[in-house]
Amino acid sequence: MAIRLYNSLTRRLDELRPLTPGKVTMYHCGPTVYSSPHIGNFRSFLFADVLRRFVEDQGFAVTQVMNVTDVGHLTLDDIEGGEDKMEAASRKTGKTAWEIARQFEDEFHNCQRQLLVRMPHHMPRATDFIAQMGSIIDDLLQKGIAYQVNGNVYFAIAAFPGYGKLSGKVIDELEEGARVAVNEEKRDARDFALWKVDHKHQMQWDAPFRGGARGFPGWHIECSAMSMHYLGRQIDIHTGGEDNMFPHHECEIAQTEAHTGQQFVQIWMHARHLLVNGTKMSKSLGNFYTVQQVLDLGWSGLELRYALIRVQYRQSLNFTMDGLGEARASIARVQGARARLARIAAGKEPAGADDLAAAAARAEAAFTAAMQEDLNVSEALAAVFALVGDSNRAQPTAAAASAALRSFARFEDVLGCFGAEPKAEAAGDVPAALQELLSQRQAAKKAKDFAAADRLRDQIAAAGWKIVDTAQGPRLERA
RNA sequence: GGUCCCGUAGCCGAGUGGUUAGGCAACGGAUUGCAAAUCCGUUUACGGCGGUUCGAUUCCGCCCGGGACCUCCA
């Protein structure tokens, strides 16, 4: 069986066949660092993370690059001479654009850690690749595919017949009413900027190409430059949010393929935007959450991660606070089963004679099949929970418990949304004082002094432990 | 206006031309002094109207509702 992924370019499920056998190259459009990362951003980044983890699980050596866009995003106003988002944030806060970029880049990395993202191998900043962008621009100018007007360099759409092949946009003339400002400099309204000149701009560089003026790069060129630098002229997978498909990725394809003469990306993947409380997230509707805001509400990174990956990336996940509660309960169910298996495997709880190996193998096969079919996490989770049920029902041998534990470890390795394997807590691991309280409670129960028993339970709970009564007697677990 | 996606039981969400998704919640039962955990069971659904079919939630058409993109956006 092979991994099949929905390719936006071909509009069907394509089998992942790496350019170099056994190795997969991935590029992910990363954050634009002018504000705090929100949960919508991380739905996309977590999708990329799960993709990477699963591809690795399937035996491929993955090289992952995610850029940090720290320059160049133009606001609508910019078309009429306004400023870009970095600069706008700078004006509002009094910090320089550079300070803004570093601040939110740090915040982004922190969010990645909190959400247990496996760090990409490279996370380059656009501002560190001005020279590389310049050499592409230079080449496009030499080839006559790009042209310069008043220092601004534009990519000529007319010179690249494939323009529109990703997004399916075959625009002869731009629609009246669409948000397109007329730019007299462009030969074609669809031409996009590779290099911009604006003396008011804080971030400026001497032209990194021949015959240019001091300015700053357009938005799209950075990804071409960094992707090529780290991964070569052709890569296996490129991901981003659905909004990136047009114009960003369309432009990346145009400039990169015009430059190299080769197909840029094999499989383009786009994550659907999430909804919050059933509608698009927006500050004015009051349903806008940064990652930090959710964490500040008392939810763990693990819980948020679960809530954001539980639905397949191409479905519009509806994010709600109830959903976080479900995530918390679901994680607890999985961890409860793993903890019991761990106790049995460690000989801290009596083993039985049941063999869970078949159930574990079944669950793994279902999990793999679900993930292979375009990362169907919802279905994969069903396989995980099937093993939870089988485990809880069984009285496994120690070896069988270990086997099931290994399957859970694999599920965790791919999804990362359950947490580390619970420790096998047993009598010896519990503080003696608490063990004494537990004994007293047992005595109180025997004497039918339930008020005292409940008091003792409250004391134990106050110490951060909870009592679990079982057929083998009571046990203490960390709450 | 153009292009496209979706509408599944209380909620979140898989999937399928005729057979139990799963999670959460609720209720009943087992266990239990109570609670928690666990197990068993119950609530059996596919927006509406037509059409194709022996049979459609699953294919087609229309309608209603929600959403996305059309150079800020993950």
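In what follows, chains carry the letters A, B, and so on, assigned in the order in which the sequence lines appear, proteins first and then strands, with residues in each chain numbered from 1. Only this structure's heavy atoms are used, side chains among them; waters, hydrogens and symmetry mates stay out.
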Could you write nucleotides 34-47 of chain B as a row of B, S and -, 5' to 3', where a protein heavy atom under 4.0 Å of any base atom gives B, of only sugar-phosphate atoms gives S, and otherwise -?
-> BBB-SSS-------
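Side-chain N/O atoms of A:Thr69 and A:Asn67 include a donor and acceptor closer than 3.5 Å. Neither side chain, A:Arg52 nor A:Thr239, offers a donor N or O lying under 3.5 Å from an acceptor on the other.
The ring pair (Phe, Tyr, Trp, His ring centres under 6.0 Å) check on A:Phe418 picks up nothing, with sequence neighbours excluded.
When heavy atoms are screened at a 4.0 angstrom cut-off, A:Gly323 is found touching no nucleic acid atom at all. Base engagement by A:His38 is indicated by at least one non-hydrogen atom pair under 4.0 Å involving a base atom. At a threshold of 4.0 angstrom between heavy atoms, the contacts of A:Glu250 with the nucleic acid are absent. Backbone-only engagement by A:Ala329 is indicated by non-hydrogen atom pairs under 4.0 Å involving sugar-phosphate atoms exclusively. Within the nucleic acid shown, A:Thr239 has no heavy atom closer than 4.0 Å to any nucleic acid atom. Residue-level contact check: A:Arg272 touches the bases, meaning some heavy atom is under 4.0 Å from a base atom.
With centroids closer than 5.5 Å and planes inclined by less than 30 degrees as the test, A:Phe450 and the base of B:G33 pass as a stacked pair.
Among the candidates A:Arg305, A:Arg43, A:Arg118, A:Arg113, the single residue satisfying the salt bridge (charged side-chain N to carboxylate O under 4.0 Å, His left out) test with A:Asp49 is A:Arg305.
In this structure, A:Ser378 does not reach the B:G23 phosphate: none of its side-chain N or O atoms is under 4.0 Å from OP1 or OP2.
Of the candidate nucleotides B:C11, B:G13, B:U71, B:G13 has the atom nearest to the side chain of A:Asn318.
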